[in-house]
Amino acid sequence: MSEISKAYNPSEVEDKWYKEWVESGCFKGEADKSREAYSIVIPPPNVTGVLTMGHVLNNTIQDILIRRARQKGKSAIWIPGTDHAGVATQAKVDAYLRKQGKSAKELGREKFMEVAKEWRDKHGGIIIEQLKKLGASCDWSRLVHTLDDDYARGVLTAFVHLFKNGYIYRGKRMVNWCPKGLTALSDEEVIMRPQKSKLYKMKYEIVEKPGQFLEISTTRPETIMGDTAVAVNPNDERYRDLIGKHCWRPFPRAEIVIVGDESVDMEFGTGVLKVTPAHDPVDFEIGQRHGLPVIDVMNPDGTLNELAGPDFAGMDRFKARNAAAKKLEELGLLVAVEDYENNVGYSERGDVPIEPRLSDQWFMRYPKVDEAREVVASGKIKFWPSRWEKTYDHWLEGIRDWCISRQIWWGHRIPVWYRKGVEHPHLDNPEEVHVSVDGPSDPENWVQDEDSLDTWASSWIWPFGVMGWPDKEKEAELNLDYFYPTSDLVTGPDIIFFWVARMIMAGLEFMPGDCARRIPFKNVYFTGIIRDMQGRKMSKSLGNSPDPLDIIARYGADGLRFGVMNCAAQGQDILFDEQRVELGRNFCNKLWNACRFRQMSGDMGDNSSLKAIVNRIDVSKLDADDHAILANLEKCARQIEKDYAGYQFNSITQNIYSFFWNDFCGWYLEVSKARLSDESAKATVLAVQDLCIRQTLLMLHPFTPFISEELWHSLGYGKEGSYIQNECPDFENALGSLGLKIDENAAAEIEKLKDFVSKARALKAQTKMATKRDAKFQFIASDKSSADSVSQNSDKLKKLIGAESIDLIENSLDAPVVLTELGALYIDMSGAVDAKAEIERLEKEKQKFEAFVKSTQARLNNEAFTSKAPANIIEGAKKQLADTQAKLEEIEKLLKTYKA
RNA sequence: GGGCGAUUAGCUCAGUUGGUUAGAGCGUCUGUUUUACACACAGGAUGUCGCAGGUUCGAAUCCUGCAUCGCCCACCA
């Protein structure tokens, strides 16, 4: 136990405890078979990234879940790690090299990897330290990086397995090509953006009918040189007779065939489509169907090549667009140019339009697609909120093969070797192509494939890859059997396809056993996205993303965590404002000072256990306030239990906030002040306070780990070397078994006293007597129990409302009055009553009551209501009507007195 | 084109099976060095719950349509 300082200093407390936690090893996961396992794997952040508000939200939720699990006695582990982030990191290292006047190419692959690793080790890992600042209780002894040797073996094992089972193939296909990154991309990495462009209308002359033209629209005249046909819909009567005939491609001038293909939309433009099989996915398919030649007129970097002709060779694709239009015009073939808005696919990383390109790539047919749909549809894996299930299922329903090869070096190199000297090696011939994790035994005779894997084709095995798979010994050492499947996954819905769906398929494919053993996780919580106050996504270029570390420095990690969680409704986007964090900081300050006040109020008794605290309570000294606060505490704990089950984190913070601030500090501590002067009750009151604070700290701990740990120890709840994260927050049964029975009705009586106090204060304010601490009140109780309640609580009430006396009287007075739940309360103004103001005030109140009486009577007179509504609703309405009518009578009586 | 969110106080948002007179924080106004906390305390003001229908004794809540904003998916050149 130590004395609590006047001001809460978060950074000091945070650093101290984090250090101790890590040193004590209390975050380490242990496979304790006698306890239920609980595990989370972190969505691995980019190793070279820095902490963003999105990470704060995401990781705070994970930390809450893991700490709560520890409190509930589960054997918990939160496995951390980082992602090598292929394309992103490659780009950063390339830029770094350029600055030094070097290039990746001249270094060569091996040297590049060395430099890149050095660069990663030097600039990477910052985010891990930042997560620690946030309080993340990961098992750091198990930090995994996707390029670690063990993990990489898992990645390659998955590849080899799928290859051997026919899920992986190589082929020349139409892929999304990033001309900036010079690599293929998956469909998911292409983002569609509406763009202002031009629609060029041109005409091609029909070979067999000189002088007759076909009018065609295109947005991409720069690909004309690659046209190998013109297509019309065979059902289109306008053109049906032209099918099989030819037209002139303007440049390079050549005859191209007119084909009929049903994919052509008759309604669009003139219903005639130019077909460029090398540069458009639809055109490619048409080309396949009609056996059209493929002319690739572009270089990988998006410039045109020799096949485009001397006028265009070497020219950038967008310059070539204008040049081609100009050339059409010169030839007299350009009919019109219209402004046009269409969707263009962009490379997410490169931020340039992607180029559909025919190239040799590796593809994966996804395994276990049907089962992946089934496990979510059947609830074996639950999504929170559940609406994402539909999105997930829809994607899987229309799933297409995954292009998994990338033309970059930073990543896992594809474990495929080709026999030297074999011109066209066949994938199914082991003499020509070797596929294995370790490579051929005679490497000198083989050449390894140059490509590396899509980053997501490495992170998709994350849930078991971090647990030693596929090495049996390592699996045992890392307790895969015990911790897999993981319990909860917390991530953003933006990677539902990239990562979540693929992990599910990977788990089902690579893990053994029945379905429940193979799924990678049981629950997926999708967070919202953190936006700025204008609703815009946080981004570096907008400069609207606050630095979480800066916020932690100013408000404390607990304040940040509490503030963010308080406004994060399940799966809803959050418009972030620093005021949220202010709320959290203020709450921490309130907590701090309430505990400080407790210390100042009297000697600390034995707080070492729940039992010890309850033993300090003298049941005969408990009054309604004690019962009420304990009842509220129980209610809060019950609500929280329910909220955890439904992943309603904002509701949890709101319940704790409201209980602690309003019920405990706002009322209980205040009434305690008067009772503490009664020596016979003091020990009991302090014990009740200790009990409430103890349970509050426990409930709060997952959200605000630092301050709760600090206060836990300074108030003597925990022994040195023990931590609040391992203390069970449940207490309901404990109270009962310790012989303490809570009077549930007490809370109702206290509500009336609260009403009495707040009305009395309002009366003082209205009569301009708010500052007087010695006001005199007279009170006409509405019944015997109300009279008892007021006289029994007289000391507390006088202190709370700043009164010298509250006299019980029998008859109405000619003085300002307020009607409370307990009866009529008058304030003595010694004749200085402003009758006009009083009348005005009473009239206003009268109107309010009258409106209520009228509507309630109407309801009760409605036969449909009385015959159909449940009894308790009807009874409630009747009682309220009676109460209100009584008040109304009282007011009318008073009005008469004033008006007289 | 299809799907999914959102629309409640000046601002940002809760409101989980339909049920008394719709809540919170911030902001705002009035007061307060009341011996834990001004990051506080007390009191006040502020809402035809997006619009239009429907179901019901009863709708912010359920149904239908519409509007506005946002997101995701989709090969119309």
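A, B, ... follow the sequence lines: proteins, then strands. Residue 1 opens every chain.
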Nearest-Å distance, [atom1] ([X]) to [atom2] ([N])?
| X | N | atom1 | atom2 | result |
| --- | --- | --- | --- | --- |
| A:Trp592 | B:A36 | CH2 | P | 17 Å |
| A:Trp667 | B:A40 | CH2 | C1' | 19 Å |
| A:Asn655 | B:G23 | CG | P | 16 Å |
| A:Leu800 | B:G43 | CG | C1' | 15 Å |
| A:Phe865 | B:U56 | CZ | P | 17 Å |
| A:Lys879 | B:G19 | NZ | C1' | 17 Å |
| A:Asp573 | B:C72 | CG | C1' | 12 Å |
| A:Asp755 | B:U21 | CG | P | 18 Å |

The side chain of [X] lies closest to which of these nucleotides: [options]?
| X | options | value |
| --- | --- | --- |
| A:Glu670 | B:C37, B:G43, B:C75 | B:C37 |
| A:Ala569 | B:A77, B:C37, B:A14 | B:A14 |
| A:Gln579 | B:C39, B:C26, B:G43 | B:C26 |
| A:Arg859 | B:G44, B:C73, B:U21 | B:U21 |
| A:Gln648 | B:U16, B:A14, B:C72 | B:U16 |
| A:Leu575 | B:C39, B:C13, B:A14 | B:C13 |
| A:Phe597 | B:C73, B:A36, B:G43 | B:A36 |
| A:Lys390 | B:C73, B:A40, B:G3 | B:G3 |
| A:Thr218 | B:U16, B:G19, B:A77 | B:A77 |
| A:Trp661 | B:C75, B:A40, B:C73 | B:A40 |

Over all strands shown, is [X] touching base, sugar-phosphate only, or nothing at heavy-atom distances under 4.0 angstrom?
| X | result |
| --- | --- |
| A:Leu583 | sugar-phosphate |
| A:Gln572 | sugar-phosphate |
| A:Asn343 | base |
| A:Tyr340 | sugar-phosphate |
| A:Pro870 | base |
| A:Cys665 | base |

Exercise. Taking the C1' atom of each, how far is B:A14 from B:A24, in whole Å?
Worked result: 7 Å
Exercise. In terms of the nearest nucleotide of RNA chain B, which residue is placed more toward the 5' end: A:Ala864 or A:Asn566?
Worked result: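 Going by which nucleotide is closer to the 5' end, it is A:Asn566.
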For this session: Please tell me which of A:Cys567 and A:Thr884 maps to the more 5' nucleotide of RNA chain B, matching each residue to the nucleotide holding its nearest heavy atom.
Result: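 By nearest-heavy-atom nucleotide position, the 5'-most residue is A:Cys567.
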Run the salt-bridge test on [X] and [Y] with the 4.0 Å N-O cut-off and return the result as yes or no.
| X | Y | result |
| --- | --- | --- |
| A:Glu355 | A:Arg220 | yes |
| A:Asp280 | A:Lys274 | no |
| A:Arg502 | A:Glu188 | yes |
| A:Arg321 | A:Glu222 | yes |

Please determine if a side-chain N or O atom of [X] lies less than 4.0 Å away from the OP1 or OP2 oxygen of [N].
| X | N | answer |
| --- | --- | --- |
| A:Lys673 | B:A36 | yes |
| A:Asn586 | B:A40 | yes |
| A:Trp395 | B:G2 | no |

Watson-Crick or G-U wobble mate for [N], both contacts under 3.5 Å:
| N | value |
| --- | --- |
| B:C66 | B:G50 |
| B:U32 | B:A40 |
| B:G58 | none |

Problem set entry | Any N/O donor-acceptor pair, A:Lys590 side-chain to B:C37 base, under 3.5 Å | yes
Exercise. With a cut-off of under 6.0 Å to the ring centre and 45° to the axis, is A:Arg193 in cation-pi contact with A:Tyr346?
Worked result: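 The answer is yes, since A:Arg193 meets both limits relative to A:Tyr346.
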For this session: Show your reasoning for whether side-chain contact (heavy atoms from CB on, under 4.5 Å) applies to A:Glu338 and A:Lys198.
Result: CA-CA 5 Å; A:Glu338 291 168 3; A:Lys198 306 268 186 220; over 6 Å; no
